[in-house]
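Values below: all heavy atoms of this structure, side chains included; hydrogens, waters and symmetry mates excluded. Along the sequence shown, residues are numbered consecutively beginning with 1.
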Amino acid sequence: MRKQRSWYYLGTFLLNLVIISIIFWSAGLVPFGDNNFLSSDLGTQYIDFLY
């Protein structure tokens, strides 16, 4: 029973990983493209601390 539950959790993790990877690939986001969806967050929150 315990081994079957661990396979269930591993399968759900891998399924979510594949879905998110496909979405990132189709949108051209990092790590599959040059676009980074966190760049606007970096500019508004962290630049003030660095200068």
#### Entry: Between CG on residue L17 and CG on residue L10, distance to nearest 0.5 Å
10.5 Å
### Message
Do W7 and F13 land in one hydrophobic cluster if side-chain heavy atoms of ILVMFWY residues count as linked below 4.5 Å?
### Response
yes
### I19: partners by side-chain contact (heavy atoms from CB on, under 4.5 Å), with sequence neighbours left out
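Only L15, I23 meet the side-chain contact (heavy atoms from CB on, under 4.5 Å) criterion with I19.
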